[in-house]
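All figures in this text were calculated on a predicted structure; none of them were measured in a lab. Proteins get letters first, then strands, A, B, ... in listed order; numbering begins at 1 in each.
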Amino acid sequence: MGETTFRVWRGERGKGDFADYRTEVGEGMVVLDAMHQIQAESAGDLAVRWNCKAGKCGSCSAEINGKPRLMCMTRMDELPAGEAVTVEPMRAFPHVRDLVTDVSWNFEVKKKVKPFKPRAPDAPDGTWRMQQEDVDRVQEFRKCIECFLCQDVCHVLRDHHKHDEFIGPRFFVHSAALEMHPLDVEDRVHELKETQGIGYCNITKCCTAVCPEHITITDNAIIPLKERVVDEFYDPVMKLVKLFRRKP
Amino acid sequence: MHRSLPVMDQRKFGETLRRDAWWLPNIPIVLILSAFIVYATWAAFQNANYTFGPYLSPFYAPELWGDSPHAWFGPKPLWWPGWLPFSPALIILPIPATFRMTCYYYRGSYYKAFWADPPACAVGEPRKTYLGENSFPLILQNLHRYGLLLAFIFLFFLWWDVWKAMWFEGAGGVEFGIGVGTVVMTLNVVLLTGYTLGCHSMRHVVGGMLDRISGAPVRRQLYNVSSACNRGHAKWAWTSLFSVALTDAYIRLCATGVFTDLRIF
(Lines give C-alpha, C1' and ligand atoms only; values in the text may rest on other atoms or scores of the structure.)
Protein backbone atom coordinates (compact mmCIF):
# COMPACT_ATOMS: atom_id res chain seq x y z
CA MET A 1 0.00 0.00 0.00
CA GLY A 2 3.03 2.29 0.30
CA GLU A 3 4.08 4.98 2.71
CA THR A 4 1.35 6.89 4.54
CA THR A 5 1.42 10.04 6.68
CA PHE A 6 -0.10 9.83 10.15
CA ARG A 7 -1.00 13.02 12.00
CA VAL A 8 -0.80 11.86 15.60
CA TRP A 9 -1.76 14.03 18.55
CA ARG A 10 1.22 14.43 20.87
CA GLY A 11 1.21 16.13 24.23
CA GLU A 12 0.35 15.87 27.90
CA ARG A 13 -2.71 16.77 29.98
CA GLY A 14 -4.57 18.34 27.10
CA LYS A 15 -1.71 20.51 25.90
CA GLY A 16 -0.08 19.56 22.63
CA ASP A 17 -0.46 19.40 18.88
CA PHE A 18 -0.45 17.06 15.93
CA ALA A 19 2.88 15.65 14.78
CA ASP A 20 3.37 14.05 11.37
CA TYR A 21 4.97 10.63 10.95
CA ARG A 22 5.48 8.65 7.77
CA THR A 23 5.53 4.87 7.82
CA GLU A 24 5.12 2.00 5.40
CA VAL A 25 1.63 0.50 5.42
CA GLY A 26 1.32 -3.14 4.40
CA GLU A 27 -1.48 -5.51 3.47
CA GLY A 28 -3.93 -6.23 6.32
CA MET A 29 -2.55 -3.56 8.67
CA VAL A 30 -4.77 -1.77 11.16
CA VAL A 31 -4.18 1.70 12.61
CA LEU A 32 -2.83 0.20 15.85
CA ASP A 33 -0.15 -1.64 13.80
CA ALA A 34 0.85 1.67 12.27
CA MET A 35 1.10 3.28 15.73
CA HIS A 36 3.36 0.44 16.89
CA GLN A 37 5.46 0.80 13.76
CA ILE A 38 5.81 4.55 14.40
CA GLN A 39 6.84 3.76 18.00
CA ALA A 40 9.49 1.37 16.70
CA GLU A 41 10.78 3.62 13.92
CA SER A 42 10.56 7.24 14.95
CA ALA A 43 8.68 7.94 18.20
CA GLY A 44 9.68 5.51 20.89
CA ASP A 45 7.96 7.64 23.53
CA LEU A 46 4.54 7.68 21.82
CA ALA A 47 1.96 6.67 24.45
CA VAL A 48 -0.68 4.26 23.14
CA ARG A 49 -2.90 2.08 25.29
CA TRP A 50 -3.70 -1.34 23.84
CA ASN A 51 -4.09 -4.90 24.95
CA CYS A 52 -5.85 -7.61 22.95
CA LYS A 53 -5.57 -6.29 19.38
CA ALA A 54 -8.74 -8.24 18.66
CA GLY A 55 -11.52 -5.74 19.36
CA LYS A 56 -12.43 -7.35 22.67
CA CYS A 57 -10.61 -5.44 25.42
CA GLY A 58 -11.71 -1.92 24.49
CA SER A 59 -8.32 -0.40 25.36
CA CYS A 60 -7.26 1.22 22.08
CA SER A 61 -10.18 3.63 21.67
CA ALA A 62 -9.20 6.81 19.82
CA GLU A 63 -10.50 9.16 17.15
CA ILE A 64 -9.39 8.26 13.66
CA ASN A 65 -10.07 10.83 10.96
CA GLY A 66 -12.44 12.49 13.44
CA LYS A 67 -14.50 9.39 14.25
CA PRO A 68 -14.35 7.49 17.55
CA ARG A 69 -13.07 4.02 16.69
CA LEU A 70 -10.95 1.16 18.00
CA MET A 71 -7.47 1.45 16.50
CA CYS A 72 -7.15 -2.33 16.36
CA MET A 73 -10.33 -2.74 14.33
CA THR A 74 -9.74 0.06 11.83
CA ARG A 75 -8.13 -1.44 8.77
CA MET A 76 -5.90 0.83 6.78
CA ASP A 77 -7.59 -0.20 3.53
CA GLU A 78 -10.90 1.23 4.87
CA LEU A 79 -9.39 4.71 5.06
CA PRO A 80 -9.05 7.06 2.07
CA ALA A 81 -5.94 6.09 0.15
CA GLY A 82 -3.25 8.72 -0.36
CA GLU A 83 -4.48 10.98 2.45
CA ALA A 84 -2.91 11.63 5.85
CA VAL A 85 -4.61 9.73 8.67
CA THR A 86 -5.34 11.73 11.84
CA VAL A 87 -5.22 9.90 15.16
CA GLU A 88 -6.18 11.75 18.34
CA PRO A 89 -7.26 10.75 21.86
CA MET A 90 -10.90 10.57 22.99
CA ARG A 91 -12.21 14.02 23.85
CA ALA A 92 -14.74 13.19 26.55
CA PHE A 93 -12.18 12.11 29.16
CA PRO A 94 -9.18 13.77 30.83
CA HIS A 95 -6.12 13.56 28.66
CA VAL A 96 -3.06 11.82 30.10
CA ARG A 97 -0.50 11.67 27.33
CA ASP A 98 -0.49 11.39 23.51
CA LEU A 99 -3.31 8.95 22.65
CA VAL A 100 -4.03 7.91 26.23
CA THR A 101 -6.93 9.26 28.26
CA ASP A 102 -7.99 8.61 31.84
CA VAL A 103 -11.27 6.70 31.63
CA SER A 104 -11.54 6.04 35.39
CA TRP A 105 -14.55 8.39 35.64
CA ASN A 106 -16.53 5.60 33.98
CA PHE A 107 -15.69 3.12 36.70
CA GLU A 108 -16.78 5.59 39.36
CA VAL A 109 -20.08 6.09 37.52
CA LYS A 110 -20.61 2.34 37.33
CA LYS A 111 -20.47 2.10 41.11
CA LYS A 112 -23.44 4.46 41.32
CA VAL A 113 -25.73 2.15 39.32
CA LYS A 114 -27.66 -0.07 41.69
CA PRO A 115 -26.33 -3.63 41.35
CA PHE A 116 -28.25 -6.75 40.38
CA LYS A 117 -30.81 -7.73 43.01
CA PRO A 118 -32.52 -11.05 42.26
CA ARG A 119 -35.94 -12.03 43.52
CA ALA A 120 -36.20 -14.82 46.10
CA PRO A 121 -34.97 -18.17 44.70
CA ASP A 122 -37.52 -20.21 42.76
CA ALA A 123 -36.42 -23.57 44.09
CA PRO A 124 -35.61 -24.86 47.60
CA ASP A 125 -31.98 -25.40 46.57
CA GLY A 126 -31.58 -21.64 46.13
CA THR A 127 -31.66 -21.60 42.32
CA TRP A 128 -33.80 -19.68 39.85
CA ARG A 129 -35.69 -20.58 36.68
CA MET A 130 -35.71 -18.29 33.69
CA GLN A 131 -37.05 -18.56 30.16
CA GLN A 132 -34.48 -18.02 27.42
CA GLU A 133 -36.75 -15.54 25.61
CA ASP A 134 -36.83 -13.40 28.76
CA VAL A 135 -33.05 -13.08 28.91
CA ASP A 136 -32.61 -12.79 25.13
CA ARG A 137 -33.32 -9.09 25.28
CA VAL A 138 -30.60 -8.28 27.80
CA GLN A 139 -27.96 -10.56 26.28
CA GLU A 140 -27.26 -8.00 23.58
CA PHE A 141 -26.16 -5.58 26.30
CA ARG A 142 -23.69 -8.09 27.72
CA LYS A 143 -21.59 -7.79 24.56
CA CYS A 144 -20.30 -4.40 25.73
CA ILE A 145 -16.48 -4.34 25.92
CA GLU A 146 -16.36 -1.00 27.75
CA CYS A 147 -14.31 0.76 25.09
CA PHE A 148 -16.25 3.96 26.00
CA LEU A 149 -16.47 5.09 22.39
CA CYS A 150 -20.20 5.67 22.95
CA GLN A 151 -19.37 7.93 25.89
CA ASP A 152 -16.79 9.76 23.79
CA VAL A 153 -19.11 10.49 20.88
CA CYS A 154 -22.09 11.50 23.04
CA HIS A 155 -22.35 15.29 22.75
CA VAL A 156 -23.74 15.59 26.29
CA LEU A 157 -20.33 14.52 27.62
CA ARG A 158 -18.07 15.45 24.72
CA ASP A 159 -19.34 18.99 24.10
CA HIS A 160 -21.42 19.90 27.15
CA HIS A 161 -19.27 18.18 29.78
CA LYS A 162 -22.23 17.02 31.89
CA HIS A 163 -20.15 14.41 33.66
CA ASP A 164 -21.74 15.32 37.02
CA GLU A 165 -25.32 14.92 35.84
CA PHE A 166 -25.24 12.36 33.04
CA ILE A 167 -23.98 8.78 33.16
CA GLY A 168 -23.77 8.33 29.38
CA PRO A 169 -24.85 5.63 26.93
CA ARG A 170 -22.52 2.95 28.32
CA PHE A 171 -24.24 3.07 31.68
CA PHE A 172 -27.71 3.29 30.24
CA VAL A 173 -26.85 0.00 28.54
CA HIS A 174 -25.58 -1.34 31.87
CA SER A 175 -28.74 -0.12 33.64
CA ALA A 176 -30.93 -1.64 30.92
CA ALA A 177 -29.16 -4.99 31.28
CA LEU A 178 -30.02 -4.98 34.98
CA GLU A 179 -33.41 -3.27 34.86
CA MET A 180 -34.81 -5.59 32.16
CA HIS A 181 -33.34 -8.76 33.62
CA PRO A 182 -36.16 -11.24 34.42
CA LEU A 183 -34.81 -11.98 37.90
CA ASP A 184 -33.96 -8.45 38.95
CA VAL A 185 -36.35 -6.65 41.29
CA GLU A 186 -34.37 -3.45 41.93
CA ASP A 187 -35.89 -0.10 40.86
CA ARG A 188 -33.43 2.16 39.02
CA VAL A 189 -35.97 4.39 37.28
CA HIS A 190 -35.88 7.21 39.82
CA GLU A 191 -32.11 7.51 39.61
CA LEU A 192 -32.21 7.40 35.83
CA LYS A 193 -34.32 10.54 35.81
CA GLU A 194 -33.17 12.39 38.90
CA THR A 195 -29.42 11.88 39.11
CA GLN A 196 -28.30 9.99 36.00
CA GLY A 197 -29.68 12.44 33.45
CA ILE A 198 -31.50 10.23 30.95
CA GLY A 199 -33.50 13.33 29.95
CA TYR A 200 -30.34 14.82 28.46
CA CYS A 201 -30.26 12.15 25.75
CA ASN A 202 -31.74 13.60 22.59
CA ILE A 203 -31.61 10.38 20.61
CA THR A 204 -29.02 11.34 18.04
CA LYS A 205 -27.97 7.66 17.88
CA CYS A 206 -24.27 8.57 17.69
CA CYS A 207 -23.58 6.00 20.42
CA THR A 208 -25.19 3.26 18.33
CA ALA A 209 -23.26 4.39 15.26
CA VAL A 210 -19.82 4.00 16.89
CA CYS A 211 -20.39 0.83 18.95
CA PRO A 212 -17.85 -1.76 17.76
CA GLU A 213 -20.07 -4.53 19.14
CA HIS A 214 -23.05 -3.23 17.16
CA ILE A 215 -25.26 -2.97 20.24
CA THR A 216 -28.47 -1.16 19.35
CA ILE A 217 -27.88 1.23 22.24
CA THR A 218 -30.49 3.87 21.49
CA ASP A 219 -33.41 1.75 20.31
CA ASN A 220 -32.99 -1.22 22.63
CA ALA A 221 -31.55 0.32 25.80
CA ILE A 222 -31.98 4.09 26.10
CA ILE A 223 -35.44 4.54 24.58
CA PRO A 224 -36.95 1.61 26.57
CA LEU A 225 -35.49 3.18 29.72
CA LYS A 226 -36.88 6.59 28.73
CA GLU A 227 -40.27 4.89 28.34
CA ARG A 228 -39.97 3.44 31.84
CA VAL A 229 -39.22 6.93 33.13
CA VAL A 230 -42.36 8.15 31.33
CA ASP A 231 -44.37 5.37 33.05
CA GLU A 232 -43.13 6.55 36.41
CA PHE A 233 -43.08 10.34 36.06
CA TYR A 234 -45.06 11.65 33.10
CA ASP A 235 -47.94 9.27 32.37
CA PRO A 236 -50.78 9.56 34.90
CA VAL A 237 -52.66 6.61 33.41
CA MET A 238 -49.67 4.31 33.73
CA LYS A 239 -49.07 5.46 37.28
CA LEU A 240 -52.61 4.43 38.09
CA VAL A 241 -52.18 1.05 36.40
CA LYS A 242 -48.96 0.44 38.33
CA LEU A 243 -50.71 1.16 41.59
CA PHE A 244 -52.98 -1.82 41.02
CA ARG A 245 -50.43 -4.08 39.35
CA ARG A 246 -49.25 -7.13 41.21
CA LYS A 247 -45.72 -6.80 42.60
CA PRO A 248 -43.27 -9.52 41.42
CA MET B 1 -19.04 26.32 31.37
CA HIS B 2 -18.73 24.14 34.45
CA ARG B 3 -16.45 21.22 33.79
CA SER B 4 -16.21 18.53 36.43
CA LEU B 5 -13.44 16.73 34.54
CA PRO B 6 -10.42 18.38 32.90
CA VAL B 7 -11.41 17.37 29.38
CA MET B 8 -10.52 19.09 26.13
CA ASP B 9 -12.34 22.26 25.08
CA GLN B 10 -15.61 22.13 23.17
CA ARG B 11 -15.03 22.38 19.43
CA LYS B 12 -16.44 25.33 17.50
CA PHE B 13 -19.61 25.04 15.46
CA GLY B 14 -18.97 22.71 12.53
CA GLU B 15 -15.39 21.98 13.60
CA THR B 16 -14.40 18.36 13.15
CA LEU B 17 -11.65 16.15 11.81
CA ARG B 18 -14.20 13.99 10.01
CA ARG B 19 -13.41 13.62 6.31
CA ASP B 20 -16.80 12.46 5.09
CA ALA B 21 -19.69 14.71 4.03
CA TRP B 22 -21.21 14.68 7.54
CA TRP B 23 -23.56 17.56 6.63
CA LEU B 24 -25.09 15.69 3.69
CA PRO B 25 -27.74 13.58 5.53
CA ASN B 26 -29.16 16.77 7.09
CA ILE B 27 -30.01 18.36 3.76
CA PRO B 28 -32.73 15.93 2.61
CA ILE B 29 -34.17 15.93 6.16
CA VAL B 30 -34.52 19.73 6.15
CA LEU B 31 -35.85 19.83 2.60
CA ILE B 32 -38.33 16.98 2.93
CA LEU B 33 -39.71 17.96 6.34
CA SER B 34 -39.98 21.64 5.33
CA ALA B 35 -41.68 20.76 2.04
CA PHE B 36 -44.09 18.45 3.85
CA ILE B 37 -45.02 21.10 6.42
CA VAL B 38 -45.60 23.70 3.69
CA TYR B 39 -47.66 21.31 1.55
CA ALA B 40 -49.71 19.94 4.48
CA THR B 41 -50.48 23.48 5.71
CA TRP B 42 -51.52 24.59 2.23
CA ALA B 43 -53.66 21.48 1.71
CA ALA B 44 -55.26 21.82 5.15
CA PHE B 45 -56.41 25.39 4.50
CA GLN B 46 -57.88 24.58 1.07
CA ASN B 47 -61.08 23.02 2.45
CA ALA B 48 -61.81 21.87 -1.11
CA ASN B 49 -60.96 19.04 -3.48
CA TYR B 50 -60.18 16.62 -0.68
CA THR B 51 -62.64 13.98 -1.81
CA PHE B 52 -63.21 12.26 -5.10
CA GLY B 53 -66.05 9.72 -5.30
CA PRO B 54 -65.45 7.28 -2.45
CA TYR B 55 -61.93 8.59 -1.81
CA LEU B 56 -61.09 10.84 1.13
CA SER B 57 -57.72 12.55 1.62
CA PRO B 58 -55.82 11.30 4.71
CA PHE B 59 -55.26 14.94 5.72
CA TYR B 60 -59.02 15.22 6.19
CA ALA B 61 -59.75 11.77 7.60
CA PRO B 62 -61.82 11.19 9.61
CA GLU B 63 -63.90 14.13 8.48
CA LEU B 64 -65.80 15.02 11.64
CA TRP B 65 -67.41 18.20 10.34
CA GLY B 66 -67.40 19.37 6.74
CA ASP B 67 -69.32 19.80 3.55
CA SER B 68 -68.54 16.50 1.83
CA PRO B 69 -70.67 13.34 2.08
CA HIS B 70 -67.88 11.84 4.23
CA ALA B 71 -68.61 14.22 7.14
CA TRP B 72 -69.84 12.50 10.31
CA PHE B 73 -71.61 15.34 12.08
CA GLY B 74 -72.59 17.65 9.23
CA PRO B 75 -71.18 21.04 8.18
CA LYS B 76 -69.00 23.50 10.07
CA PRO B 77 -69.84 23.46 13.81
CA LEU B 78 -71.25 26.56 15.48
CA TRP B 79 -68.45 26.69 18.06
CA TRP B 80 -65.77 27.14 15.37
CA PRO B 81 -64.06 30.52 16.02
CA GLY B 82 -65.03 33.15 13.47
CA TRP B 83 -61.46 34.44 13.02
CA LEU B 84 -60.15 31.04 11.96
CA PRO B 85 -60.87 29.81 8.42
CA PHE B 86 -62.72 26.50 8.69
CA SER B 87 -61.30 23.29 7.33
CA PRO B 88 -61.95 19.73 8.55
CA ALA B 89 -58.20 19.11 8.27
CA LEU B 90 -57.45 21.67 10.98
CA ILE B 91 -59.35 19.50 13.47
CA ILE B 92 -57.53 16.34 12.43
CA LEU B 93 -53.97 17.28 11.55
CA PRO B 94 -52.74 18.29 15.03
CA ILE B 95 -52.99 14.65 16.10
CA PRO B 96 -50.72 13.01 13.48
CA ALA B 97 -48.52 16.11 13.66
CA THR B 98 -48.06 15.61 17.41
CA PHE B 99 -47.40 11.92 16.89
CA ARG B 100 -44.67 12.61 14.33
CA MET B 101 -43.19 15.64 16.10
CA THR B 102 -42.66 13.61 19.29
CA CYS B 103 -41.53 10.43 17.48
CA TYR B 104 -38.16 9.26 18.78
CA TYR B 105 -36.81 8.79 15.27
CA TYR B 106 -37.85 12.22 14.02
CA ARG B 107 -36.60 13.85 17.21
CA GLY B 108 -33.08 12.54 16.63
CA SER B 109 -33.26 13.65 13.01
CA TYR B 110 -34.60 17.16 13.45
CA TYR B 111 -32.45 17.95 16.49
CA LYS B 112 -29.49 17.34 14.21
CA ALA B 113 -30.77 18.79 10.96
CA PHE B 114 -32.67 21.88 12.19
CA TRP B 115 -30.99 22.72 15.49
CA ALA B 116 -27.49 21.35 14.95
CA ASP B 117 -27.70 19.76 18.36
CA PRO B 118 -25.25 18.29 17.28
CA PRO B 119 -25.07 18.86 13.51
CA ALA B 120 -23.61 15.35 13.19
CA CYS B 121 -21.78 12.87 15.41
CA ALA B 122 -18.40 14.21 16.61
CA VAL B 123 -18.97 17.61 14.98
CA GLY B 124 -18.87 20.86 17.01
CA GLU B 125 -22.14 22.52 18.05
CA PRO B 126 -23.19 26.18 17.96
CA ARG B 127 -24.31 26.33 21.64
CA LYS B 128 -22.48 26.29 24.94
CA THR B 129 -25.52 25.48 27.07
CA TYR B 130 -27.64 22.37 26.87
CA LEU B 131 -30.84 21.35 28.63
CA GLY B 132 -31.81 18.27 26.62
CA GLU B 133 -35.34 17.02 27.11
CA ASN B 134 -35.35 17.90 30.79
CA SER B 135 -37.23 21.17 30.67
CA PHE B 136 -40.08 22.94 28.87
CA PRO B 137 -40.83 22.71 25.98
CA LEU B 138 -38.88 19.56 25.10
CA ILE B 139 -40.02 17.78 28.25
CA LEU B 140 -43.37 17.50 26.45
CA GLN B 141 -41.75 14.96 24.13
CA ASN B 142 -42.45 12.51 26.95
CA LEU B 143 -46.12 12.59 25.98
CA HIS B 144 -45.39 10.75 22.74
CA ARG B 145 -47.47 7.77 23.82
CA TYR B 146 -50.62 9.90 23.94
CA GLY B 147 -49.93 10.97 20.35
CA LEU B 148 -49.54 7.28 19.57
CA LEU B 149 -52.85 6.43 21.19
CA LEU B 150 -54.77 9.00 19.14
CA ALA B 151 -52.89 8.14 15.94
CA PHE B 152 -53.68 4.47 16.52
CA ILE B 153 -57.40 5.25 16.80
CA PHE B 154 -57.17 7.26 13.57
CA LEU B 155 -55.57 4.28 11.88
CA PHE B 156 -58.84 2.33 12.23
CA PHE B 157 -60.72 5.15 10.50
CA LEU B 158 -58.14 5.22 7.72
CA TRP B 159 -58.61 1.48 7.17
CA TRP B 160 -62.35 2.08 7.18
CA ASP B 161 -61.84 4.74 4.50
CA VAL B 162 -59.95 2.17 2.41
CA TRP B 163 -62.93 -0.17 2.68
CA LYS B 164 -65.27 2.64 1.62
CA ALA B 165 -62.91 3.45 -1.28
CA MET B 166 -63.87 0.06 -2.74
CA TRP B 167 -67.51 1.01 -3.25
CA PHE B 168 -68.35 3.18 -6.25
CA GLU B 169 -71.55 4.78 -7.43
CA GLY B 170 -72.50 2.95 -10.63
CA ALA B 171 -75.46 2.84 -12.99
CA GLY B 172 -77.10 0.12 -10.88
CA GLY B 173 -76.33 1.73 -7.51
CA VAL B 174 -73.31 1.18 -5.30
CA GLU B 175 -70.96 -1.48 -6.64
CA PHE B 176 -67.68 -3.03 -5.55
CA GLY B 177 -64.57 -1.94 -7.42
CA ILE B 178 -60.90 -1.14 -7.19
CA GLY B 179 -59.55 2.08 -8.61
CA VAL B 180 -56.02 3.41 -8.71
CA GLY B 181 -57.09 5.65 -5.84
CA THR B 182 -58.08 2.58 -3.81
CA VAL B 183 -54.60 1.15 -4.33
CA VAL B 184 -52.96 4.46 -3.42
CA MET B 185 -55.07 4.76 -0.24
CA THR B 186 -54.37 1.12 0.71
CA LEU B 187 -50.64 1.51 0.26
CA ASN B 188 -50.73 4.66 2.37
CA VAL B 189 -52.51 2.94 5.25
CA VAL B 190 -50.19 -0.09 5.07
CA LEU B 191 -47.20 2.25 5.43
CA LEU B 192 -48.87 4.21 8.24
CA THR B 193 -49.66 0.93 10.01
CA GLY B 194 -46.02 -0.20 9.77
CA TYR B 195 -44.89 3.16 11.11
CA THR B 196 -47.36 3.10 14.00
CA LEU B 197 -46.75 -0.54 14.97
CA GLY B 198 -42.99 0.06 15.07
CA CYS B 199 -43.31 3.13 17.29
CA HIS B 200 -40.99 2.88 20.31
CA SER B 201 -43.84 3.72 22.70
CA MET B 202 -46.00 1.04 21.09
CA ARG B 203 -43.16 -1.46 21.55
CA HIS B 204 -42.94 -0.50 25.21
CA VAL B 205 -46.66 -0.57 25.92
CA VAL B 206 -47.43 -3.87 24.20
CA GLY B 207 -44.67 -5.79 25.95
CA GLY B 208 -41.40 -3.95 26.37
CA MET B 209 -42.36 -2.83 29.86
CA LEU B 210 -42.43 -6.47 31.02
CA ASP B 211 -39.26 -8.15 32.20
CA ARG B 212 -40.82 -11.60 31.95
CA ILE B 213 -42.68 -11.52 28.68
CA SER B 214 -42.77 -15.33 28.38
CA GLY B 215 -45.64 -15.28 30.86
CA ALA B 216 -47.79 -13.17 28.52
CA PRO B 217 -47.93 -15.00 25.16
CA VAL B 218 -50.24 -12.53 23.42
CA ARG B 219 -48.17 -9.55 24.47
CA ARG B 220 -45.03 -11.46 23.47
CA GLN B 221 -46.40 -11.86 19.93
CA LEU B 222 -47.37 -8.19 19.80
CA TYR B 223 -43.93 -7.21 21.09
CA ASN B 224 -42.25 -9.33 18.41
CA VAL B 225 -44.37 -7.73 15.68
CA SER B 226 -43.69 -4.25 17.04
CA SER B 227 -39.95 -4.99 17.35
CA ALA B 228 -39.84 -6.26 13.75
CA CYS B 229 -41.46 -3.02 12.53
CA ASN B 230 -39.26 -0.99 14.89
CA ARG B 231 -36.08 -2.26 13.23
CA GLY B 232 -37.09 -0.38 10.08
CA HIS B 233 -38.76 2.52 11.88
CA ALA B 234 -36.85 5.19 9.94
CA LYS B 235 -37.91 3.68 6.61
CA TRP B 236 -41.54 3.43 7.71
CA ALA B 237 -41.37 7.03 8.95
CA TRP B 238 -40.18 8.43 5.64
CA THR B 239 -42.22 6.25 3.29
CA SER B 240 -45.41 6.90 5.23
CA LEU B 241 -44.69 10.65 5.24
CA PHE B 242 -44.37 10.57 1.45
CA SER B 243 -47.42 8.35 1.03
CA VAL B 244 -49.69 10.65 3.06
CA ALA B 245 -48.75 13.67 0.95
CA LEU B 246 -48.93 11.73 -2.32
CA THR B 247 -52.32 10.25 -1.45
CA ASP B 248 -53.68 13.74 -0.77
CA ALA B 249 -52.10 15.00 -3.99
CA TYR B 250 -53.59 12.13 -6.02
CA ILE B 251 -57.12 12.70 -4.71
CA ARG B 252 -56.74 16.46 -5.14
CA LEU B 253 -55.60 16.06 -8.75
CA CYS B 254 -58.48 13.68 -9.48
CA ALA B 255 -60.95 16.09 -7.88
CA THR B 256 -59.67 19.02 -9.92
CA GLY B 257 -59.82 16.99 -13.13
CA VAL B 258 -56.07 16.89 -13.76
CA PHE B 259 -55.94 13.10 -13.26
CA THR B 260 -58.50 10.57 -14.39
CA ASP B 261 -58.91 7.84 -11.80
CA LEU B 262 -58.66 4.52 -13.60
CA ARG B 263 -60.84 1.62 -12.44
CA ILE B 264 -58.81 -1.58 -12.28
CA PHE B 265 -62.04 -3.57 -12.02
Side-chain angles (χ1 to χ4, degrees), chain A residues 13-14 63 65-68 80 83 86 88-89 91-95 102 105 130-134 137 152-153 155-164 166 179-184 197 199-206 209-210 218-219 223-224 226-231 233-235 238 248, chain B residues 1-11 16-20 22 104-105 107-109 111-112 115 117-118 120-125 127-135 138-146 149 200-201 203-205 208-215 220 227 230-231 233:
Chain A
R13 301 190 186 283
E63 300 196 4
N65 285 351
K67 287 186 178 176
E83 290 181 19
T86 60
E88 59 177 335
R91 297 184 65 84
F93 308 113
H95 184 236
D102 175 5
W105 169 81
M130 290 185 289
Q131 297 299 312
Q132 181 60 43
E133 60 191 321
D134 291 335
R137 182 159 61 149
D152 180 47
V153 81
H155 71 131
V156 182
L157 297 171
R158 178 191 185 86
D159 292 316
H160 299 293
H161 309 137
K162 299 274 185 195
H163 296 80
D164 283 345
F166 182 71
E179 190 65 22
M180 297 175 190
H181 195 285
L183 296 188
D184 183 80
Y200 280 122
C201 171
N202 67 344
I203 324 142
T204 57
K205 297 197 178 186
C206 294
V210 301
T218 319
D219 290 312
I223 295 176
K226 273 179 167 269
E227 284 293 310
R228 288 180 185 218
V229 169
V230 174
D231 286 349
F233 291 94
Y234 301 110
D235 183 349
M238 196 55 77
Chain B
M1 183 192 302
H2 168 72
R3 228 182 286 187
S4 54
L5 287 181
V7 295
M8 291 189 186
D9 290 339
Q10 181 180 356
R11 282 193 160 134
T16 182
L17 292 179
R18 281 179 64 168
R19 305 280 177 81
D20 56 335
W22 53 265
Y104 285 101
Y105 167 71
R107 271 146 75 178
S109 299
Y111 287 145
K112 277 187 190 168
W115 290 337
D117 202 9
C121 303
V123 176
E125 304 183 14
R127 291 169 211 87
K128 299 279 182 202
T129 54
Y130 180 74
L131 299 172
E133 296 183 337
N134 279 323
S135 56
L138 295 184
I139 201 165
L140 295 176
Q141 305 278 31
N142 288 304
L143 297 176
H144 178 52
R145 62 180 59 175
Y146 286 97
L149 176 67
H200 292 86
S201 290
R203 192 176 177 223
H204 173 76
V205 171
M209 63 166 65
L210 302 177
D211 295 338
R212 278 177 281 164
I213 203 165
S214 59
R220 184 185 63 206
S227 297
N230 183 264
R231 280 189 279 276
H233 198 45

message = Return the CZ to CG distance between B:R231 and A:D219, rounded to the nearest 0.5 Å.
response = 10.5 Å
query = For A:I203, which of B:R107, B:H200, B:K112, B:Q141 qualifies under side-chain contact (heavy atoms from CB on, under 4.5 Å)?
reply = B:R107
key: For B:L17, all residues meeting side chain to side chain contact (heavy atoms under 4.5 Å, CB included), sequence neighbours excluded   = A:F18, A:T86, A:E88, B:R11
remark   = chain B shares the most heavy-atom pairs under 4.5 Å, among A:M238, A:H95, A:R158, with A:R158
ask   = Can you tell if the side chain of B:Y130 reaches within under 4.5 Å of the side chain of A:N202, non-hydrogen atoms only?
value = yes
ask   = Sequence neighbours excluded, which residues qualify as side chain to side chain contact (heavy atoms under 4.5 Å, CB included) partners of A:V210?
value = A:P68, A:L149, A:V153
key: Lys/Arg-Asp/Glu bridge criterion (N-O < 4.0 Å) met for B:R203, A:E227   = no
query = With only heavy atoms counted, which part of A:R137 is less than 4.5 Å from chain B, the side chain, the backbone, both or neither?
reply = side chain
query = Judged by atom type as modelled, is there a donor-acceptor pair below 3.5 Å linking the side chain of A:N65 to the main-chain atoms of B:R19?
reply = no
message = Any non-hydrogen side-chain atom of A:E179 less than 4.5 Å from a side-chain atom of B:D211?
response = no
request  = Give the minimum heavy-atom separation between B:E133 and A:C201, together with the two atoms involved.
outcome  = OE1-O, 3.8 Å
request  = Mark yes or no for whether A:R91, through its side chain, and B:D9, through its backbone, hold a donor-acceptor pair below 3.5 Å.
outcome  = yes
note = Under 4.5 Å to a heavy atom of chain A? For B:D117 that would be both
key: Top contributor to chain A contacts, counting heavy-atom pairs under 4.5 Å, from B:M209, B:R220, B:R145   = B:R145
task = Kindly indicate, with the supporting measurements, whether the criterion side-chain contact (heavy atoms from CB on, under 4.5 Å) is fulfilled by A:E63 and B:T16.
result = CA-CA 11 Å; A:E63 300 196 4; B:T16 182; over 6 Å; no
message = A side-chain contact here means heavy atoms from C-beta on lying under 4.5 Å apart; do B:E125 and A:H160 qualify?
response = yes
message = Please give me the minimum heavy-atom distance between A:T204 and B:P118, naming the atom from each residue.
response = CG2-CD, 3.5 Å
Flag if over 12 foreign heavy atoms under 6.0 Å of CD, A:E83 = yes
query = Between A:D152 and chain B, which part of the residue has a heavy atom less than 4.5 Å away: side chain, backbone, both or neither?
reply = neither
ask   = Given side chains that start at C-beta, do those of A:R228 and B:H204 come closer than 4.5 Å, heavy atoms only?
value = yes
Which atom of B:M8 lies closest to which atom of A:P89, heavy atoms considered = CE-CG, 3.6 Å
ask   = Are B:I139 and A:Y234 side-chain neighbours, meaning at least one heavy-atom pair lies under 4.5 Å?
value = yes
query = How far does OG1 of A:T218 sit from OH of B:Y105, to the nearest 0.5 angstrom?
reply = 12.5 Å
remark   = Per-residue tally against chain B (heavy atom, under 4.5 Å) across A:Q132, A:H181, A:M180, A:Q131 peaks at A:M180
query = Does the side chain of A:H161 reach to within under 4.5 Å of the side chain of B:L5, using non-hydrogen atoms?
reply = no
key: Nearest heavy-atom neighbours spanning A:E133 and B:S214   = OE2-CB, 3.2 Å
query = Side-chain contact, heavy-atom cut-off 4.5 Å: A:K67 with B:D20?
reply = yes
query = Contact part of B:L131 toward chain A, heavy-atom cut-off under 4.5 Å: side chain, backbone, both or neither?
reply = backbone
key: Separation between NZ of A:K226 and OG of B:S201, rounded to the nearest 0.5 Å   = 11.0 Å
inquiry  = Which heavy atom of B:I213 sits nearest to which heavy atom of A:D134, and what is that distance?
reply    = N-OD1, 3.0 Å
